[in-house]
Amino acid sequence: MKTMIQSVKGTREFYPRQMELRRWLYAKIEATATQFGYEEWDGPFLEKIDLYAAKSGEELVKEQSFVFPDRGGDLITLRPELTPSLARMVAQKQNELTYPLRWWSFGPFWRYERPQKGRSREFFQWNIDMIGVESAEADAELVGICVKFLKSVNVTPDQVKVLVNHRELIDVELGKLGVVSDLKKAVFKLIDRKDKLPFDKWEATALEAGLTQNQLEGVVTLLENKELWRESEYLSKVFSILEKMGVADYVEYDPKIIRGLDYYTGLVFEAWDVGGDGRSVLGGGHYSNLIGDVGGSPLGGVGFAMGDMMMTVILEKYGLLPQFGAFEKTVLVTVFDQSLMLSSVGFASELRSNGVKTICYPEISKLQKQFKYADRMGIELAVVIGPDEDVEGKVTLKDLKSGSQETIKREDAAAKIQQMLV
RNA sequence: GUGGCUAUAGCUCAAUGGCAGAGCAUCGCACUGUGGAUGCGAGGGUUGUGGGUUCGACCCCCAUUAGCCACCCCA
């Protein structure tokens, strides 16, 4: 123990129990994405830092990326997000792809941050994007997909809400307040932090950034206006589509949703744990210029990303994590003694040939120990082939849940077991 | 990057500055053809690491490392 080399800080270790959860989550994601006709894809785990330098936002690149020089001196980063890779891969084959393209991906990402609850340095993220369309319908579809996913894992609207806003709408409103373009980026940042800072502090920061007292009050009023979306034809359309999709109960307008990533240009949205203490569990939006920014022709897209850890925190909090029984449908063939070992091995093999998941106990030991093993593993059916059974060409099947057992002809056993395991 | 808390058996945690313990888990026995339950027993420790104070340190002090939590930021 003393000399055990520790795992790298913030990395994930998936013991079988956790791997089951990861696969379960993956299956839920896949089902939702596939239902909407999205195709699975992936990008490199390593990218040059320049890919992110342009558009992802300064903090993400400078503070939160794992960066190291390769042997040729290039600065390589473990991917902190997927969208720039997506933009490049689309740009590279821009004229060969059929639009709108609908792609999804689930894989590991790395960010150099202090680990805490729901946050580590290595995490899995679901990304799903539609590219090649500039429409409220496309934007609404992505919002709808995230709601459908939430539904598929039994999260309810009073547990998680999807908050929606539109950057242009806020941009226009800021214009009305006389906020000049140069200041808008800073104000966006401020809006994003409105609920994260105490008001006096927030106010001070705002004035420091260059807002006048009047403008400040205007912004505050703006951010309290939950009906602001009515002034946007675009958002009205989005909401009516979401209504038709049957997901409107999960969706709310919130003028404070801005998103930290710089490349969003239109619709932005985040899913939040309504139960207060949470961070956002998922976030996304519309990006009109990203493909062009990485060297392609202008082409817009919309998408979102969801991290596995926060989602798991939420599911755990609301008791929605499934109980896994990895070995419920597995048979343990016990080994009676050395002379009968081959008989057990042979029978186990027969069962596997019949499509039954079968574990044969791998050493000679007391039946007591073997049954205990089965019990611990959650195995519900055990087979005993002792001297009596062997002589008569029979096997004993024991149902570990009820404790009852019966001895039947060996050639009838496979069928009987299949029936018992249903 | 900032702040708070923690570190003792495999796990969860106790222990006025005076013999390092419990529960769970493991192994054995009761039980040589059968798990969960019960009883009895056993093994398991350089108290994160390095210094200091003290007759004496798990306990107090300093440093260090790691973990957790909250900020920042984000998934």
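Please read all numbers here as calculations on a predicted model, not as lab measurements. Chain A is the first sequence line, chain B the second, and so forth, proteins listed ahead of strands; every chain is numbered from 1.
- Inter-residue side-chain proximity for A/Arg121 and A/Trp110 is flagged as unmet; no heavy-atom pair is nearer than 4.5 Å.
- Of the P atoms belonging to B/C5 and B/C62, the separation is 12 Å, rounded to the nearest Å.
- In this structure, A/Lys366 reaches the B/C29 phosphate: one of its side-chain N or O atoms is under 4.0 Å from OP1 or OP2.
- The gap from the C1' atom of B/A14 to that of B/G33 amounts to 44 Å, rounded to the nearest Å.
- Using a 4.0 Å heavy-atom distance criterion, A/Ala374 is classed as making no nucleic acid contact.
- A/Tyr373 does not qualify as a stacking partner of the B/G35 base, lacking a centre-to-centre distance under 5.5 Å together with planes within 30°.
- In this structure, A/Arg119 does not reach the B/C72 phosphate: none of its side-chain N or O atoms is under 4.0 Å from OP1 or OP2.
- For A/Arg193, counting side-chain heavy atoms from C-beta on, the closest listed nucleotide (B/C73, B/A75, B/U2) is B/C73.
- Heavy-atom minimum distance, A/Arg410 versus A/Ser343: NH1-OG, 3.2 Å.
- Of the C1' atoms belonging to B/G51 and B/U16, the separation is 26 Å, rounded to the nearest Å.
- Put simply, A/Gln368 has no side-chain N or O that comes within less than 4.0 Å of OP1 or OP2 on B/C31.
- One can find a donor-acceptor pair under 3.5 Å joining the base of B/G35 and the side-chain atoms of A/Asp375.
- Distance A/Tyr112 OH to B/G1 P: 7 Å, rounded to the nearest Å.
- Note on A/Glu389: a base of the nucleic acid sits closer than 4.0 angstrom, heavy atoms only.
- Between A/Ser353 and A/Glu350, the side chains place no donor N or O within less than 3.5 Å of an acceptor N or O (distance only, hydrogens not considered).
- Mapping A/Gly386 and A/Asp192 onto RNA chain B by nearest heavy atom places A/Gly386 at the nucleotide closer to the 5' end.
- Of all nucleotides listed (B/C68, B/U34, B/C71), B/C71 comes nearest to the side chain of A/Gln116.
- Under the 3.5 Å distance criterion, the side-chain polar atoms of A/Glu392 are left unmatched by any main-chain donor or acceptor of A/Glu389.
- Taking only distance into account, the side chain of A/Glu113 meets the base of B/A75 through a donor-acceptor pair shorter than 3.5 Å.
- Note that A/Arg22 lies in the cation-pi zone of A/Phe14, set by a 6.0 Å cut-off to the ring centre and a 45° limit from the axis.
- Nucleotides B/C40 and B/U54 have their C1' atoms positioned 44 Å apart, rounded to a whole Å.
- Judged by Watson-Crick or G-U wobble contacts below 3.5 Å, the nucleotide B/A70 has B/U2 as its partner.
- When distances run from any side-chain atom of A/Phe336 to the nucleotides B/C73, B/G36, B/G33, the shortest one goes to B/G33.
- For the OP1/OP2 pair of B/G67 and a distance below 4.0 Å, the side-chain nitrogens and oxygens of A/Lys9 include at least one atom meeting the criterion.
- Between B/G50 and B/A66, the distance separating the two C1' atoms is 15 Å to the nearest Å.
- Annotation: cation-pi pair A/Lys398/A/Phe371 present, NZ/CZ under 6.0 Å from the ring centroid and within 45° of its normal.
- Within the 4.0 angstrom heavy-atom criterion, no nucleotide atom of any strand lies near A/Gln370.
- For A/Arg114 and A/Asp308, each mapped to the nucleotide of RNA chain B holding its nearest heavy atom, the one lying further toward the 5' end belongs to A/Arg114.
- Nearest nucleotide to the side chain of A/Lys117, out of B/G33, B/G35, B/C69: B/C69.
- Of all nucleotides present, only B/U26 satisfies the Watson-Crick or G-U wobble test against B/A42, with each distance under 3.5 Å.
- The C1' atoms of B/G23 and B/U65 are separated by 30 Å, rounded to the nearest whole Å.
- Looking at heavy-atom distances under 4.0 Å, A/Asp337 makes no contact with the nucleic acid at all.
- The residue A/Ser120 sits close to a base: some heavy atom pair falls under 4.0 Å.
- At a cut-off of 3.5 angstrom, the base of B/G35 holds at least one donor-acceptor pair with the side chain of A/Lys398.
- B/G67 and B/U12 are spaced 16 Å apart, taking the C1' atom of each and rounding to whole Å.
- Here the separation of B/C29 from B/G43, taken at their C1' atoms, is 14 Å to the nearest Å.
- Using modelled atom types and a 3.5 Å distance limit, the side chains of A/Tyr26 and A/Asp308 yield no donor-acceptor pair.
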